[in-house]
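So the structure is just underneath, and the comments pick up after that.
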Amino acid sequence: MSDIRVRFAPSPTGYLHIGGLRTALFNWLFARRHGGKFIVRIEDTDRHRSMDEVIEPIVNGLRWTGLDWDEGPYRQTERLDLYRHKAMTLLEQGRAYWCVCTPEELDVRRKAAQARGESVQYDGRCRARGLTAPAEPAALRFRSPHTGHTVIDDLIKGSIVFDNAVLDDLIILRSNGYPTYHLSVVVDDALMGITHVIRGDDHVTNTPRQVPLFEALGYPVPRFAHLPMILGADKSRLSKRHGATSVLAYRDMGYLPDALVNYLVRLGWSHGDQEIFSMRDMIEKFSFDHVQTSAAVFNPEKLQWLNAEYIKQGTSRCIAEQLRPLLEQQGYDCNGPVQPRGGLEAVIPHLRTRAKTLVEMVEWTMPYLTEPVAMDEAAAAKFLTPAMAPSLKKFAERVKTVEPFSQETVAPVLQALLEEDRLKMGAFAQPLRVALTGRTFSPGIYEVMDLLGRERTLRRIDHALQRIPPS
RNA sequence: GUCCCCAUCGUCUAGCCUGGCCCAGGACGCCGGCCUUUCAAGCCGGCAACACGGGUUCAAAUCCCGUUGGGGACACCA
């Protein structure tokens, strides 16, 4: 055990995306590595942008990937009194002041300053007014230090120095009484005993703004670790343009949670040349020493490769369990009368090297879960020809009686037939494959017959023969 | 514009802190071959990078400075 406490603090303004998940993962790994606590906190203090309905999907995303948390999810809107109380404390101590500038006025001034090429900081016009009980709507601003320097000793980037002159007097309480992010994050991180703030790179410039708040409130300042960003292929910030961005969308596209997590952990962290990490493995090996300092581009191909690796390595049972919901979503009945011999689990060993995603695997599984099988017309036209009919027919007749019906008994029959009819394996296997699966690609032909069983094998050959026009 | 961060194959990265083992290693992708009853998988091989310019040093991908390039932040968003 240790007293390390970290948190993942998403704002419910959209779905949990790849970048958010990676932040959560690194927090989780750090906590698990050191026997600390991982806390989930929903930062929903923006009444206009927060959406209750996305909280559940965010939490489900974490759950799906196996990132379990020890406390929470806390919601900041349930803790508003805390922030208001702390804000008032700062006001009483003279560390904060009322500001009656309206958002519209501020916006105009900001734009004007920008147009003149000047600093876009708040001009501080309410700082010295000493308003005590403003009649008009007022926001509370923190009196930031304007001299000296703030130094952050970042666990990933090392020492970063900021000139306090660049600090704004940031609003900590909106005129509607809600706290802003800067206040609530500091109060919560302190009250929740967060020892390490692990977050995205986009927060580095927030850090020198928040450190003085910790100090003004009399709280110890946590350690910081700023993770490099994940970018899209065009090196811009990852967004919907770069493909599905919701974590749950990856589940729906047939990705295994362990594969996604494995991909993400290698985006910005490494352990020598190792590519494949089990959860246990990464917990054991994770360290900030090997977290990258520069941004990484999200590469869907490599994710897919990893997913394929996990499909190849996972147990049949585990893969089948994850495949089942997708099959049912597509309308296949996994408990109906039409099943591969040996059940769904039995098809997995034959499909695992062929499918890169579970969605692809659904496609591969279809011939064994439907009756009659869907026929690819082009394949039928090419391979189910009058010339092949006699051999197919002969094959069906002969395997009708082999006992038992298995590769050991069927293979000699097929070999004999090839010799008799002077056919090459390929010349006969393809038509047979099309007859049995409706398509030109499948697992080995003996495996297919094994999965189908004698009855379905014979029925499918029969159907195929029926559709072959007489020569 | 101001501030901050970053910079090794197309991409993820090892190496950098503690200079020589690096005319730079691995992985994805791509290309070629082998295997083969199809499709995959597998195996073998190939292409491909230290952003640039100055220093420091006997020696620099590794240390220092600058340039360029990329990213991020500058809200009553988080």
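Chain letters run A, B, ... following the sequence lines, proteins first, then strands; residues in each count from 1. Note that the structure is a prediction, hence the values are computed from the model and not measured.
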Can a donor-acceptor pair under 3.5 Å be found between the side-chain atoms of A:S442 and the base atoms of B:C39? no
Please check if the distance between the ring centroids of A:W269 and A:F286 is under 6.0 Å. yes
Is the distance between the ring centroids of A:Y263 and A:Y255 less than 6.0 Å? no
If only side-chain N and O atoms of A:R439 are considered, is one of them under 4.0 Å from the OP1 or OP2 phosphate oxygen of B:A40? no
A:Y97 side chain near A:L131 side chain, heavy-atom distance below 4.5 Å: no
For a quick check of understanding: with a heavy-atom distance under 4.0 Å over all strands, which category does A:H350 fall into, base, sugar-phosphate or nothing? nothing
Base of B:A40 paired with side chain of A:T353 (donor-acceptor, under 3.5 Å): yes
RNA chain B contacts among residues 149-163 of chain A, heavy-atom distance under 4.0 Å: A:K157, A:I160, A:V161, A:F162
Does the B:A73 base have a donor-acceptor partner in the side chain of A:D201 within less than 3.5 Å? no
Can a donor-acceptor pair be found between the side chains of A:T13 and A:R49 at a distance below 3.5 Å? no
Atom CD of A:E419 with >12 non-hydrogen neighbours under 6.0 angstrom: no
Nearest to side-chain heavy atoms of A:F441, which nucleotide of B:A75, B:A73, B:C39: B:C39
Return no unless some side-chain N or O of A:Q415 is found under 4.0 Å from OP1 or OP2 of B:U37. no
B/S/- contact track for nucleotides 24-31 of chain B, protein heavy atom under 4.0 Å: -BBBS---
Donor-acceptor pair between A:H146 and A:D169 side chains, under 3.5 angstrom: yes
Protein-nucleotides 17-20 of chain B N/O pairs closer than 3.5 Å?
none

Does A:R237 place a side-chain N or O at less than 4.0 Å from the phosphate oxygens OP1/OP2 of B:A73? yes
Under a 4.0 Å heavy-atom cutoff, the residues of residues 80-91 of chain A touching RNA chain B are none
Between B:A78, B:G70, B:U13, which nucleotide gets closest to the side-chain atoms of A:S270? B:U13
Given the ring of A:Y178, does A:R84 sit roughly above its face, with NZ or CZ under 6.0 Å from the centre of the six-membered ring and within 45° of the axis? yes
Which residues in residues 43-50 of chain A have a heavy atom closer than 4.0 Å to any atom of RNA chain B? A:E43, A:T45, A:D46, A:R49
Sub-4.0 Å heavy-atom contacts from residues 425-436 of chain A onto RNA chain B, ordered by number: A:M425, A:G426, A:A429, A:Q430, A:R433
Short side-chain N/O contact to B:G42 OP1/OP2 from A:K312, under 4.0 Å: yes
Looking at A:T440, I'd like to know whether one of its side-chain N or O atoms comes within less than 4.0 Å of OP1 or OP2 on B:U38. no
Distance below 4.0 Å between A:R110 side-chain N/O and B:C76 OP1 or OP2: yes
Any donor-acceptor N or O pair under 3.5 Å, side chains A:Y310, A:N262: yes
Ignoring hydrogens and angles, tell me if any N or O in the side chain of A:E105 forms a donor-acceptor pair with the backbone of A:C101 under 3.5 Å. no
Quick one: are the ring centres of A:H203 and A:Y181 less than 6.0 Å apart? yes
Between A:N307 and A:T357, is any side-chain donor less than 3.5 angstrom from a side-chain acceptor? no
Is it the case that the side chains of A:R199 and A:T207 hold a donor-acceptor pair, with the cut-off being a distance below 3.5 Å and no angle test? yes
Across all strands, who's sitting opposite B:C9 as a Watson-Crick or G-U wobble pair, both distances under 3.5 Å? none
A:R141 has its side chain closest, among B:G1, B:C76, B:C3, to B:C76
Distance below 4.0 Å between A:T293 side-chain N/O and B:C5 OP1 or OP2: no
Between A:Q430 and A:R433, is there a side-chain donor-acceptor contact under 3.5 Å, judged purely by atom types and distance? yes
